[in-house]
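In this chain, numbering begins with 1 at the start of the sequence shown.
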Amino acid sequence: MAKREVDIVIISDVHLGTYGCHAKELLKYLKSIKPKMLILNGDIIDIWQFSKSYWPEAHMKVVRRILKFVTEGVPVYYLTGNHDEMLRKFADFDLGSFKLLNKVVLNIDGKKAWIFHGDVFDVTMQHSKWLAKLGAVGYDTLILLNSITNWFLTAIGREKMSFSQKVKAKFKDAVKFINQFEQTAADLAVAKEYQYVICGHIHHAEIREMTASDNPGKVLYLNSGDWVESLTALEYNNGNWEIFKYDPNDFKKDTDEDDITDAEDLEAKMDVNLLLERFKQEAS
């Protein structure tokens, strides 16, 4: 199957190492594209909830697929988020086509793009990090229960449902938080004279032009969503931004199943386990 050529791909909030991560679906997506640039906008590996007892083969294959892009010379930017904040002490690490940063400003066809995860706007993260971590565990548990429920619903021929989306819809504060997050990002981007502001963090994919609240300027706000619930990414091609939404019907036949990258000995995953454990120890 011919791979789709894409100028820029941005993904965030993958949460590798958690039960809610849709690593198999992400792997199929990554196999289907040939990006000229890949930006990983935070919370790719969930070091907060990392456990040596849970690192499935599919999660390791996603890491390998990303490394394959690096070895092929594709520029890969890893921007840190709150769930992988332990990597921030290694920010500005540069290894050829791979760069580890907290944020980046890129010139995209003559327009300045300000790209960062977005947790800096989260008041809970700034003042009650323990509460945010507790919430993350609760969220992962909710996603696990949701997966079990959806398996049962599928078995009896019923439509799947999303617990977290229903919870968000019930609470006005959740909608208010998303709106405030987007407006804050837009206000700062306009003030800095950027044309694009690109975030993750809130698990809500979006592309829309926004006007600053205290400034007549406008900016295109973009959010890449997540690979826990919405399974979305941002794609830039031929001067246009689009939200990619994973549809299993488009990936029924995995013609790349015997890819040599996946066929390698997966015992190397223990190296990743040890590395992440060291990150946790150094941060404690």
Test log, rule side chain to side chain contact (heavy atoms under 4.5 Å, CB included), inputs Leu222 and Tyr196:
CA-CA 7 Å; Leu222 304 100; Tyr196 302 134; 4.1 Å; yes
Can you list the steps and then say if Val74 with Phe98 is a side chain to side chain contact (heavy atoms under 4.5 Å, CB included)?
CA-CA 8 Å; Val74 175; Phe98 179 82; over 6 Å; no
Test side chain to side chain contact (heavy atoms under 4.5 Å, CB included) on Lys112 and Lys192; report intermediate values, then the result.
CA-CA 10 Å; Lys112 289 192 294 183; Lys192 293 174 178 287; over 6 Å; no
Show the numbers, then the answer: is there a side chain to side chain contact (heavy atoms under 4.5 Å, CB included) between Ile108 and Tyr236?
CA-CA 9 Å; Ile108 301 176; Tyr236 180 81; 3.4 Å; yes
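Here CG of Asp7 is found 9.5 Å from CE of Met37. Values are rounded to the nearest 0.5 Å. If you take CD on Glu57 and CE on Met60, they are separated by 10.5 Å, rounding to the nearest 0.5 Å. Between atom CD1 of residue Ile45 and atom CE of residue Met86 there is a gap of 12.0 Å, rounded to the nearest 0.5 Å. Summarising the geometry, atom NZ belonging to Lys36 is positioned 7.0 Å from atom CG belonging to Asn237; distances are rounded to the nearest 0.5 Å. Note that NZ of Lys103 is 12.5 Å distant from CG of Asn41, once rounded to the nearest 0.5 Å. To the nearest 0.5 Å, atoms NZ (Lys28) and CD1 (Ile33) are separated by 15.0 Å.
Side-chain contact between Lys245 and Ser230 is present, with at least one heavy-atom pair separated by less than 4.5 Å. Gln183 has its side chain within reach of Met210: a pair of non-hydrogen atoms, C-beta onward, lies under 4.5 Å apart. With contacts defined as side-chain heavy-atom distances shorter than 4.5 Å, the pair Ile10/Trp241 qualifies. At a threshold of 4.5 Å between non-hydrogen side-chain atoms, the residues Lys61 and His59 do not count as touching. The closest side-chain heavy-atom distance from Val105 to Ile115 is not below 4.5 Å. Counting heavy atoms from C-beta outward, Cys199 and Phe181 have side chains that approach closer than 4.5 Å.
Criterion: ILVMFWY side-chain heavy atoms under 4.5 Å apart, direct or through other members. Under it, Leu220 and Ile243 are part of a common hydrophobic cluster. Taking hydrophobic clusters as Ile, Leu, Val, Met, Phe, Trp and Tyr residues chained together by side-chain heavy-atom distances below 4.5 Å, Val14 shares a cluster with Ile47. Put simply, Val63 and Tyr29 are part of the same group of oily side chains (I, L, V, M, F, W, Y) that touch within less than 4.5 Å, one to the next. One hydrophobic cluster, built from ILVMFWY side chains closer than 4.5 Å, holds both Ile66 and Leu100. Hydrophobic clustering (ILVMFWY, side-chain heavy atoms < 4.5 Å, transitive): Leu67 and Val62 are in one cluster.
A distance below 6.0 Å separates the ring centres of His203 and His15. Here Tyr246 and Phe251 bring their ring centres to under 6.0 angstrom of each other. For Tyr54 and Tyr19, the distance between ring centers is under 6.0 angstrom.
Between the side chain of Lys99 and the backbone N or O of Gly96, at least one donor-acceptor pair lies under 3.5 Å. Ser12 places a side-chain N or O within donor-acceptor distance of the main-chain N or O of Gly225, the cut-off being under 3.5 Å. The backbone N or O of Thr232 lies less than 3.5 Å from a partner atom in the side chain of Trp227, making a donor-acceptor pair.
Here the shortest heavy-atom pairing between Asn102 and Arg88 reads OD1-CG, 3.2 Å. Scanning all heavy atoms of the two residues, the minimum distance from Val219 to Ala189 falls at CG2-CB, 3.9 Å. Scanning both residues, His204 and Glu182, for their nearest heavy atoms gives CD2-OE2, 3.8 Å.
Donor-acceptor pairing under 3.5 Å is recorded for the side chains of His83 and Asp46. Defined by atom type and a distance below 3.5 Å, a donor-acceptor pair is missing between the side-chain atoms of His201 and Asp13. Under 3.5 Å, the side chains of Tyr78 and Asp84 contain a donor-acceptor pair of N or O atoms.
Just one of Ile198, Val9, Ile39 meets the side-chain contact (heavy atoms from CB on, under 4.5 Å) condition when paired with Leu234; it is Ile198. Residue His117 forms a side-chain contact (heavy atoms from CB on, under 4.5 Å) with just one option from Leu40, Asp43, Leu79, Thr80, and that option is Asp43.
The aromatic rings of Phe116 and Trp114 lie tilted to each other, with the angle between the two planes from 30° to 60°.
The ring pair (Phe, Tyr, Trp, His ring centres under 6.0 Å) search around Phe93 returns none, not counting sequence neighbours. Take Asn107 and apply the side-chain hydrogen bond (donor to acceptor under 3.5 Å, both in side chains) test, not counting sequence neighbours, and it matches no residue.
When the shell of 6.0 Å around CD of Glu193 is examined, it contains 12 or fewer heavy atoms from other residues, nucleotides or ligands.
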